[in-house]
> 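Here it is: the structure, laid out below.
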Amino acid sequence: MELTGDKAKAWLLNFEAKIQEHKAYLSDLDQAIGDGDHGSNMARGTEAVKVNLEKIAEPETAEVLKQAAMALISKVGGASGPLYGSAFMQMAKTAKETTDIHELIEAGLEGIKHRGKADVGDKTMVDTWAPVVEALAKDALTNEAITQAVDATKPLKAKKGRASYVGERSIGALDPGAVSSGYLFTALVEEVLQ
Amino acid sequence: MELTGDKAKAWLLNFEAKIQEHKAYLSDLDQAIGDGDHGSNMARGTEAVKVNLEKIAEPETAEVLKQAAMALISKVGGASGPLYGSAFMQMAKTAKETTDIHELIEAGLEGIKHRGKADVGDKTMVDTWAPVVEALAKDALTNEAITQAVDATKPLKAKKGRASYVGERSIGALDPGAVSSGYLFTALVEEVLQ
Amino acid sequence: MVPVFKAKEDKIMKKIINHPSQVVDEMLKGMLYAHSDFLEGIDETRVIIEKDKQPTVGLVSGGGSGHEPAHAGFVGEGMLRAAVLGEMFTSPTPDQILEAIKASDTGHGVLLIVKNYTGDVMNFDMAKEMAEMEDIQVASVLVDDDIAVEDSTYTAGKRGVAGTVLVHKILGHFAHEGMALNDLKSLGDALVTDIHTLGVALSGATVPEVGKPGFHLGESEMEYGVGIHGEPGYRRDTLKPSREIAKELTGKLMSEIMTKKTKKIGLLVNGLGATPLQELYVFYNDVIEELAKYDVEIVFNKIGDFMTSIDMTGLSLTVIRLDDDKRTVALEAPVGVLNW
Amino acid sequence: MVPVFKAKEDKIMKKIINHPSQVVDEMLKGMLYAHSDFLEGIDETRVIIEKDKQPTVGLVSGGGSGHEPAHAGFVGEGMLRAAVLGEMFTSPTPDQILEAIKASDTGHGVLLIVKNYTGDVMNFDMAKEMAEMEDIQVASVLVDDDIAVEDSTYTAGKRGVAGTVLVHKILGHFAHEGMALNDLKSLGDALVTDIHTLGVALSGATVPEVGKPGFHLGESEMEYGVGIHGEPGYRRDTLKPSREIAKELTGKLMSEIMTKKTKKIGLLVNGLGATPLQELYVFYNDVIEELAKYDVEIVFNKIGDFMTSIDMTGLSLTVIRLDDDKRTVALEAPVGVLNW
Ligand SMILES: Nc1ncnc2c1ncn2[C@@H]1O[C@H](COP(=O)(O)OP(=O)(O)O)[C@@H](O)[C@H]1O
Ligand SMILES: Nc1ncnc2c1ncn2[C@@H]1O[C@H](COP(=O)(O)OP(=O)(O)O)[C@@H](O)[C@H]1O
Ligand SMILES: [Mg+2]
Ligand SMILES: [Mg+2]
Ligand SMILES: [Mg+2]
Ligand SMILES: [Mg+2]
């Protein structure tokens, strides 16, 4: 399936709304195994994304993705800023050649892995992105698949990011970045895939 | 009545015991209108007095009073140190000429007034010392007279020392220095006058 | 082993110490271990003194402990020659002060800088009398910068608080330049009339041996005009934003300092011990915006912990009149102390 | 008007601020108001930079806010050229770091000093890539002194904490002396392996926008090995006397540093924000007595608040290997910054 400029914009605005709604929840998740700022980091970032996107009258896929990347990189900070930022930057670059959703999200995942050096099973956002990419390859991305991927971070022991400091104690908690990525993909399902 | 060296020593050892016993109470009184250290200040000081006096095998009035003065001056600090210290220093000087108790305590009161510039009614230890001196002049010092003097500091507004900072709020509280001076004179009654 | 310190009411006091009664001595030992390159102690006393004494008037200050870095943190070239440390919140005794005076005198006399509290005044006075009997020239300057307290014949007068550190710095500079004792004394007496301070507290200070805060403020309360020993202030209020605290303090301080047609001032924002530096800067920002209302130039500032009250949260603001540029030069001069 | 700040659970946060979301910006404004004689900001960023830039390698550091005086308090001659301030406890963003790099370069390149946190590393890396695209020479040194955290391929590695300030000071001195970027980088890479830190907390830190402490310690609890953002440590315990804390920390730190047959060390006792200076000295005294067990000479020390965690009570101890006297010279060299 193709990601048009309009759909891309709608997707990211929906993502912003979800983040704002669940801001406190994301911070609480981060408080448990990190430093408690993931909600405010993402809220600050997606609000900047929204501001950037609202300026675009005739959305063009690569431009929308690039504007999102710029906003995330320059407003979030912390770990999630460069990671989400790199994901969208890679997507923007790829969008110059293809707007196929699977290929775009796969490029995003590569951006995250390149920047953060995390792998599947390290209890990071990668654990949401990787199964999503696989589902998209089979054209089978559903809210259930997303929830399943997010929930699967619970039993994992964190090996990357701030949560790795708590070691064993991270087991049993959801990864906040995996959860915020979950919202990104539910928004994708709602705005683009359905 | 005369203050012999033996009696002087017994008096001050009794004073020390009373201070140790009521240390917490004195600090609590000071906490209410001062800084809460009068009990520990006096405990530290009278303990040093005791150490000094126990070294004296054949007590001589002036020497006992001087040793007490030195201990109080060098161990108490705060406001009460120089005041009690000056009182005993004046008493020691006077003891070279007379050992009459009334004259000695009167000299002590002068020492306090000279050092602290407080007058009767300022809600300080002077409000215990002054009536005691008067009672001694009439040979009529009793525990009741002492208690009455101490209690009379309650309705006063403090005009000297740390308690003056709380102004009106000092009304209704006993003055800690007046109370500790009360113990000094009850000890005098017990060891010397009775 | 006593792992925790039970205070009254069975509350546990959270401090990194060994025993409440040993704090002052162990702190002093720690200071001497750390700074023996230029500071030394005097045996059997709690005096900290410069090793290398220039042939100038020696400045001696001190007071109760609990105000660190005051006063030992200001001993060194161009500031104090010696600091005398009392028990926690309790003036040191005359014999200790006397030792500091004797060790500080190089034949040019000694200037005592005393905060105006009954205890400090009397103990330093006694020490001065003793030193004079030993033929040492001694003068003293009394600092009473705290305008929270009424100054009248019916009180012990205004208290000496954070502004004392500015007196150390300015007089320390002139002493270092070789000024004579009498001149330092006159300069100091004039100086203290141009320094005004007001403090606010968000919580009380806990003296280790007492084990509970000197006063208790409710969850949403603050107090204006507190002293540095937990002396109560002039008003208890609900917690206000920094901007309003700045407005109240600058208003009161400026109306004091403007009685002299002041054109140039210096500012000292002093943390009371447990206040993060970030809050001191937020507050400084509000002070500056507040001062835009006045026709004065800010020619000097200092922000940090200088005269604390153990672990009190809160701050004080000091305004000093600097129309005489020599004072500013003295404040800006480099100095060989730990915490200026 | 909102006089009090309701945090979650309806607890009131006691801070001298205006609004939780404005703390960083107002603090920055306060700093620039106060120190415009030698520091300036860069418009539209949260960068604080030296006004007078020598033609040498520029050192740029930074990180989340809340660690004051780090890092802005260390900007000036002989130390950092610029500090980049992130949100509270959150790494600054690459575009801000890039502006700091551009403004710090005098043609001799820029050295980034980065604390080892995933966020800081990634943001500084991105900025470095961007700067290289603009043909600025950039190198970076990663500080990971916190031995509380296991260093393995299964973690993000050791954290950068108070020891970072020693890296600023030593590399700052050599940069000031004219050392080239590559040499500074090699020197820094070796240096960080010789700096080890451990912290203890008696209470958690409260981020203004969160409104409650990052972790809660019971009335008689303390935690060993905490990080500077409220990261949990390696053991929770009942509150111990200073002597025992000193024993535990020096034991762990010395066994780390003695792997290199160290003969000379330096010590940094760092308050975490709300710890009175008197406790830092009591603790220092215990550290020195503990170190008598080891055959090492203490040739440098520093005691105070350098890398704080907002209003956390607690402290950290850093041990640095100083067998190379050049490091000691660099640490002792005079410097033109606010809070060294
Ligand atoms: N190396 C990494 N690779 C991928 N994701 C990571 C990595 N490190 C951290 N993350 C993600 O970032 C999230 C935390 O983001 P955030 O709280 O905003 O940043 P910070 O940890 O700097 O406070 C984690 O929940 C995790 O999903
Ligand atoms: N000027 C003064 N003259 C006489 N007594 C005074 C004066 N100032 C204070 N006092 C006495 O000292 C007592 C307080 O002593 P203390 O608590 O030991 O010292 P500090 O006030 O320095 O803490 C007061 O209760 C009062 O009786
Ligand atoms: Mg986080
Ligand atoms: Mg008292
Ligand atoms: Mg006292
Ligand atoms: Mg963070």
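A, B, ... follow the sequence lines: proteins, then strands. Residue 1 opens every chain.
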> Around A:K66, counting heavy atoms of other residues, nucleotides and ligands shown, do more than 12 lie under 6.0 Å from its NZ?
no
> Going by heavy atoms in the side chains, are D:V210 and D:M88 under 4.5 Å from each other?
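No, side chains not in contact.
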> Sort by residue number and list every residue of residues 305-318 of chain D having at least one heavy atom under 4.5 Å from chain A.
none
> Working note: A:T186 + A:N143, criterion side chain to side chain donor-acceptor pair (under 3.5 Å); need CA distance, chi angles, decisive distance, verdict.
CA-CA 6 Å; A:T186 345; A:N143 281 336; 4.6 Å; no
> Heavy-atom distance under 4.5 Å to chain A: side chain of D:P92, backbone, both or neither?
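Only the backbone of D:P92 comes within 4.5 Å of chain A.
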> Please classify the contact of A:N41 with chain D as side chain, backbone, both or neither, using a heavy-atom distance under 4.5 Å.
side chain
> Is it true that atom CD of A:Q20 has more than 12 heavy atoms of other residues, nucleotides or ligands lying nearer than 6.0 Å?
yes
> What pairs with D:E223 under side-chain hydrogen bond (donor to acceptor under 3.5 Å, both in side chains), at least two apart in sequence or on another chain?
D:R236
> For A:H22 and A:Y25, take the angle between the two ring planes, folded into 0 to 90°, and tell me which bin it lands in: parallel under 30, tilted 30 to 60, perpendicular over 60.
perpendicular
> Enumerate by number any residue of residues 96-105 of chain D whose heavy atoms lie under 4.5 Å from heavy atoms of chain A; in the absence of such residues, state 'none'.
none
> For A:K117, is it the side chain, the backbone, both or neither that has a heavy atom under 4.5 Å from a heavy atom of chain D?
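Interface part for A:K117: neither.
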> Output, in order, the C-alpha distance, side-chain angles, deciding distance and verdict of side chain to side chain donor-acceptor pair (under 3.5 Å) for A:Q194 and A:E190.
CA-CA 6 Å; A:Q194 277 173 354; A:E190 286 172 16; over 6 Å; no
> How about A:K50: does its NZ atom have over 12 heavy atoms from other parts shown lying under 6.0 Å from it?
no
> Flag the one option from D:T118, D:D120, D:N123, D:V121 with the top tally of heavy-atom pairs under 4.5 Å to chain A.
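Result: the option with the highest number of such pairs is D:N123.
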> Which pairs, with at least one residue in residues 93-136 of chain A and sequence neighbours excluded, count as a ring pair (Phe, Tyr, Trp, His ring centres under 6.0 Å)?
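As it turns out, the ring pair (Phe, Tyr, Trp, His ring centres under 6.0 Å) pairs with a partner in residues 93-136 of chain A, which skip direct neighbours, are A:W129-A:F185.
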> Most heavy-atom pairs under 4.5 angstrom with chain D, which of A:L83, A:I73, A:D35?
A:I73
> Relative to chain D, which segment of A:A118 carries a heavy atom at a distance below 4.5 Å: side chain, backbone, both, or neither?
neither
> For a quick check under 3.5 Å, do D:D146 and D:T197 share a side-chain donor-acceptor pair by atom type?
no
> Check for a donor-acceptor pair, side chain of D:T164 on one end and backbone N or O of D:G160 on the other, with a separation under 3.5 Å.
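It does not hold such a pair.
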> When only pairs under 4.5 Å are counted, which of A:G78, A:S40, A:G39 shares the most heavy-atom pairs with chain D?
A:G78
> Please look at A:S74 and chain D and tell me whether the side chain, the backbone, both or neither of the residue comes under 4.5 angstrom of a heavy atom of that chain.
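Both the backbone and the side chain of A:S74 come within 4.5 Å of chain D.
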> Taking A:K157 for the side chain and A:E168 for the main chain, is one N or O donor matched with an acceptor at less than 3.5 Å?
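Absent.
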> Do other residues, nucleotides or ligands put more than 12 heavy atoms under 6.0 Å from A:M70 CE?
no
